[in-house]
Amino acid sequence: MSRLNAVLALVLVVCALAVIQAQHRARTYFVELERLKKEARVLDEQWGKLQLEQGTWANPARIDTLARTRLGLIAPPHDRVRVETLTSAP
C-alpha cells in the first residue's frame with residue numbers, strides 16, 4: 001500500500017506541474033494576443049490615415065492645380081483637340 005501511495009503522490013505532483021505549466025502557457029499566449037490586438041489597432045489607424053492621404057494626393061482638382069502652377073501646363077486650344085471615334089466596318 002505504501003508503494004501505491006508513493007506512485008499516486010508522484011502522479012499527483014506530475015499532474016500539478018502540468019497544470020501549472022498549462023496556466024503559465026495560457027497567460028503567456030494571452031499577453032501575446034493582447035499585444036497583437038494593440039498592434040492591429042495601431043495598424044488599422046495608420047491604414048485609415050494612409051487612405052485619407054492617398055485620397056487627398058489623388059484629388060483631380062489638386063492635380064490640375066499643380067499641373068498648371070508648378071509645371072505650367074495648359075489645356076490645348078479647341079482647334080488642336082481631335083476626337084477619334086470608331087466607325088463600324090461594312
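Owing to the predicted nature of the structure, the values given are computational and were not obtained by experimental measurement.
- Between the CD atom of E39 and the CG atom of L43 there is a distance of 5.5 Å, given to the nearest 0.5 Å.
- V31 places none of its side-chain heavy atoms less than 4.5 Å from the side chain of R35.
- The two atoms that bring I63 and A58 nearest to each other are CD1-O, 3.9 Å, heavy atoms only.
- By the side-chain contact (heavy atoms from CB on, under 4.5 Å) test, R3 pairs with no residue at all, sequence neighbours left out.
- Put simply, the residue from L17, V11, V19, V13 that forms a side chain to side chain contact (heavy atoms under 4.5 Å, CB included) with C15 is V11.
- Within the model, atoms CG of L50 and CD of Q46 stand 5.5 Å from one another, a figure rounded to the nearest 0.5 Å.
- Note that the CG atom of D64 and the OG1 atom of T69 stand 9.0 Å from one another [nearest 0.5 Å].
- Remark: E53 does not engage K49 in a salt bridge, criterion side-chain N to carboxylate O under 4.0 Å.
- The distance from atom CD1 of I20 to atom CZ of R25, rounded to the nearest 0.5 Å, is 13.0 Å.
- The local environment of CD in Q51 is crowded, with over 12 non-hydrogen atoms from other residues, nucleotides or ligands closer than 6.0 Å.
- Annotation: the span from N5 atom CG to L12 atom CG amounts to 11.5 Å, rounded to 0.5 Å.
- Between E34 and K38, none of the side-chain N atoms (NZ, or NE/NH1/NH2) sits under 4.0 Å from a carboxylate O, so this pair counts as no salt bridge.
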